[in-house]
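See below for the structure under consideration.
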There are 2 protein chains.
Amino acid sequence: MGRKRLQEPADGRPTVHTVAARAGVSIASASRVLNGVGGSPETIRKVRAAAAEVGYVPNAIARSLQSQRTGLVALAVEDIGNPVYVAMMRAIESVVASSGRQLLVHATGGRIDNETALLRRLANRYVDGMIVSPIRVTDDHLAALVDSPVPVVVVGQLGADAPVDNVRTDSRHGVALAVDHLVAGGRRRIGFVNGPLDTVPGAARDAGFRAALAGHNIDLDAHLVEVGDFQYAAGRAATERLLARTDPDALICANDLIAVGALHALLAAGRRVPEDVALVGMDDTDLARMMFPQLSSVSLGSAERGRRAAELLLERIADPTLPPRREQVPPHLVVRASSGAALPAPRAATDPGAATTAGATGSHGATTTDPGVEPAPSHPSSEGATP
Amino acid sequence: MGRKRLQEPADGRPTVHTVAARAGVSIASASRVLNGVGGSPETIRKVRAAAAEVGYVPNAIARSLQSQRTGLVALAVEDIGNPVYVAMMRAIESVVASSGRQLLVHATGGRIDNETALLRRLANRYVDGMIVSPIRVTDDHLAALVDSPVPVVVVGQLGADAPVDNVRTDSRHGVALAVDHLVAGGRRRIGFVNGPLDTVPGAARDAGFRAALAGHNIDLDAHLVEVGDFQYAAGRAATERLLARTDPDALICANDLIAVGALHALLAAGRRVPEDVALVGMDDTDLARMMFPQLSSVSLGSAERGRRAAELLLERIADPTLPPRREQVPPHLVVRASSGAALPAPRAATDPGAATTAGATGSHGATTTDPGVEPAPSHPSSEGATP
DNA sequence: TTGTAAGCGTTATCAT
DNA sequence: ATGATAACGCTTACAA
């Protein structure tokens with residue numbers, strides 16, 4: 001025998017039973033009125049009054065158990081401190097909101113166990129679906145993705161055979177765009193500051209860099225390659241190590257955070273950017289435009305990937321029987337002042353607002369020259385102060 | 001009469017019933033084994049096997065309905081694009097994680113209705129507790145906070161009478177620290193680029209600025225004050241407007257995002273920082289250290305406030321009967337290169353790594369001089385690439 | 001140890 | 001329109 005049903009639960013909060021009793025109707029009637037379906041005028045009045053009097057608040061968990069949905073969608077990324085994920089999140093949020101759902105974000109901090117745990121917990125029905133963007137993928141991880149009880153869409157590379165919706169870009173090609181551009185600008189001693197090679201993006205960018213150099217018949221000088229993690233501090237430190245042993249005339253960084261660190265290190269070392277060293281980042285985040293000089297950057301279409309991922313997720317939530325889909329968003333290079341001037345130029349504009357016209361299009365295409373004095377990034381949807 | 005209980009639910013996913021039937025035991029036994037409490041060796045074996053065979057995954061919603069907890073905690077902020085919230089989030093996350101819970105973040109985009117809706121949805125039991133940091137507070141909002149079914153802690157100013165746990169700082173004092181410092185450095189034409197005055201922080205900072213100037217017997221020149229929103233783009237635009245009509249020798253910005261925009265505008269206008277114009281931001285985010293020159297900034301103790309808020313929340317979850325608590329974290333000024341040199345100095349160091357010793361302590365105390373070549377921000381807990 | 005069944009709070013079905 | 005009750009999937013008190 002279980003406990004007997006309490007009309008007032010242990011924590012004292014009112015339930016439909018409380019309201020129904022107070023209104024002198026059945027819980028069915030109370031529920032109907034509370035949901036705005038049916039009910040005579042008199043019943044409606046009584047129930048509404050009772051609900052207001054006791055301060056009734058529906059229990060969303062109970063409702064979800066019944067309806068098998070929560071109206072929540074989650075996004076799991078490594079680090080919301082990285083503006084690229086903020087951009088992705090904004091794009092996802094706007095799609096998700098249009099479906100009447102709310103987006104929740106979780107930062108995994110790159111801890112794979114953490115991510116798997118989150119997947120295992122949230123995906124067990126707390127959310128209607130999830131978008132994850134892992135930088136490392138283990139078998140355990142993949143298993144969690146595949147047999148998730150709720151729809152999951154992955155942003156990033158995934159094994160070709162994984163039966164999971166997937167939106168990716170071609171970051172190898174992205175690196176090639178940067179190399180082409182720099183070579184066209186006369187640079188030959190091109191350095192590369194990468195993230196960890198045991199991550200999916202790190203490995204892809206490394207491969208892309210090597211392939212692109214080979215394509216230009218440039219021998220890779222190992223001194224010109226450094227690895228840290230995908231953070232500002234590591235980018236700065238890695239660049240300092242690189243500068244201590246060799247003298248590049250250009251630097252490609254695996255993301256914008258690293259690029260900002262590299263810029264810091266270059267300026268501290270007395271190098272002019274772009275006169276002495278041209279600098280190209282990746283991800284094309286707001287950060288690239290906030291720097292002096294503004295940073296050229298390879299856009300990996302993060303917002304676009306986020307938007308597509310969200311659309312795929314909503315489709316799958318609506319119809320879980322869809323076959324796994326795989327989409328690709330092409331990268332493109334945005335040229336700004338940090339790589340704008342050609343090598344021999346002795347004194348180029350370092351004015352942060354100065355436009356550059358060095359949009360030398362390499363053999364891989366997809367290069368844009370960003371007008372230097374663009375209106376700057378704007379995010380109508382956000383404010384962000386410290387209350 | 002309701003439907004009859006299906007052993008295999010409509011969506012085909014196994015439940016305890018499925019497992020129990022397959023193992024040839026009761027659902028009680030199955031549940032016990034699945035939860036690791038009780039069960040004979042033989043039963044354990046059978047249930048484990050059955051669960052594995054059918055790929056059983058527990059339904060967390062159902063479990064939560066029973067246990068009245070979800071193991072989730074939410075944080076609602078305006079804009080995760082603002083690094084100050086990232087810092088706050090990291091601090092909260094580490095406390096929350098230590099309690100075995102997971103943190104979810106929601107960006108409200110400053111839309112008050114959005115925030116209230118989130119509160120109304122999540123707080124209805126989807127999470128065990130919430131931390132919110134609103135920049136605008138309406139009555140409706142406050143009502144939602146007060147009668148939330150789950151514990152809520154507010155980071156930021158709240159009416160003194162609101163019966164809600166609250167962690168705040170004194171941003172008026174924070175602005176005063178900046179003014180004192182600049183005055184001590186010989187600046188007199190101090191400008192102020194603020195956020196919207198109808199926000200809580202915007203109003204507080206405006207008041208703080210006026211009071212601090214008055215304290216130094218400096219008349220406020222209205223031309224020296226500009227208002228935008230708390231974003232980079234607005235900060236840049238506002239500074240451009242300000243520079244178009246007057247000529248400040250120092251600028252205080254209501255947050256670091258605005259300060260970066262101001263720096264951009266100043267450099268584009270040919271002003272040297274700090275020689276011509278000293279610049280001080282607020283929030284002391286990573287961004288301040290990523291700039292050239294590095295930005296002085298008033299720390300409002302965001303990480304500390306986040307940490308305290310999380311602790312208060314956990315305490316309240318453990319004991320909901322606690323009386324409302326209110327805590328305050330004092331601001332302090334971190335001096336870096338952007339305001340380091342005194343006014344008359346014709347040529348100060350603009351090397352981004354250069355240390356400054358101009359930590360002139362004003363009458364309000366709490367000033368730190370940041371060694372310029374500090375190891376730069378590091379976040380062991382995060383990586384952040386674009387997979 | 002095991003099974004039966006109550007109960008978490010809600011919605012939905014069916015008969016009245 | 002209304003009320004009684006099954007069901008969502010799970011945990012657990014109690015009896016066997």
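Here is the naming used below: chain letters follow the sequence lines, and residue numbers restart at 1 for every chain. Computed over heavy atoms, backbone and side chain alike; hydrogens, waters and symmetry mates excluded.
The side chain of A:S31 places no N or O atom within less than 4.0 Å of a non-bridging phosphate oxygen (OP1 or OP2) of C:dT10. Contact check, B:R63 against D:dT11: a side-chain N or O comes under 4.0 Å of OP1 or OP2. Contact check, A:S26 against D:dT2: no side-chain N or O comes under 4.0 Å of OP1 or OP2. Note on B:S29: every side-chain N or O is 4.0 Å or more away from OP1 and OP2 of C:dT1. Distances shorter than 4.0 Å separate none of the side-chain N or O atoms of B:N59 from OP1 or OP2 on D:dC8. Of the side-chain N and O atoms in A:Q66, none sit less than 4.0 angstrom from OP1 or OP2 of D:dG9.
Residue B:R125 is classed as having no contact, given no heavy-atom separation below 4.0 Å to the nucleic acid. Contact annotation for A:I27: base contact, defined as any heavy-atom pair under 4.0 Å involving a base atom. Residue contacts shown for A:T43 are limited to sugar-phosphate atoms, with no base heavy atom under 4.0 Å away. Using a 4.0 Å heavy-atom distance criterion, B:S64 is classed as making no nucleic acid contact.
Comparing C:dG3, C:dC8, D:dC10 against the side chain of B:V25 picks out C:dG3 as the nearest. The listed nucleotides are C:dC8, C:dG3, C:dA12; the one nearest the side chain of A:A28 is C:dA12.
With respect to the salt-bridge test (charged N to carboxylate O, under 4.0 angstrom), the residues A:R111 and A:E78 do not qualify. In summary, A:R168 and A:E327 do not engage in a salt bridge, as defined by a charged side-chain N under 4.0 Å from a carboxylate O. One finds no salt bridge joining A:E93 and A:R90 here, because no Lys/Arg side-chain nitrogen approaches an Asp/Glu carboxylate oxygen to under 4.0 Å. Salt bridge annotation for A:D113-A:R120: absent, with no cationic side-chain nitrogen under 4.0 angstrom from a carboxylate oxygen.
Rounded to whole angstrom, the span from the CG atom of B:L34 across to the C1' atom of D:dT12 amounts to 15 Å. The separation between B:R32 atom CZ and D:dC10 atom C1' is 13 Å, rounded to whole Å. Between A:Y56 atom OH and C:dG9 atom P there is a gap of 10 Å when expressed in whole angstrom units. To the nearest angstrom, P of D:dC8 lies 8 Å from NE2 of B:H17. The distance from atom OH of A:Y126 to atom C1' of D:dG9 is 12 Å, rounded to the nearest whole Å. Between the NZ atom of B:K46 and the P atom of C:dG3 there is a distance of 8 Å, given to the nearest Å. Rounded to whole angstrom, the span from the CG atom of A:N35 across to the C1' atom of C:dG9 amounts to 12 Å. Atom C1' of nucleotide D:dC8 and atom CG of B:L65 are separated by 9 Å, given to the nearest angstrom.
With hydrogens and angles ignored, the 3.5 Å screen pairs a side-chain donor or acceptor of A:D165 with a backbone N or O of A:R325.
In terms of polar N and O atoms assigned as donor or acceptor, the side chain of B:R13 never comes within less than 3.5 Å of the base of D:dG9 in a complementary pairing.
A side-chain donor from one of A:D319 and A:T321 sits under 3.5 Å from a side-chain acceptor of the other.
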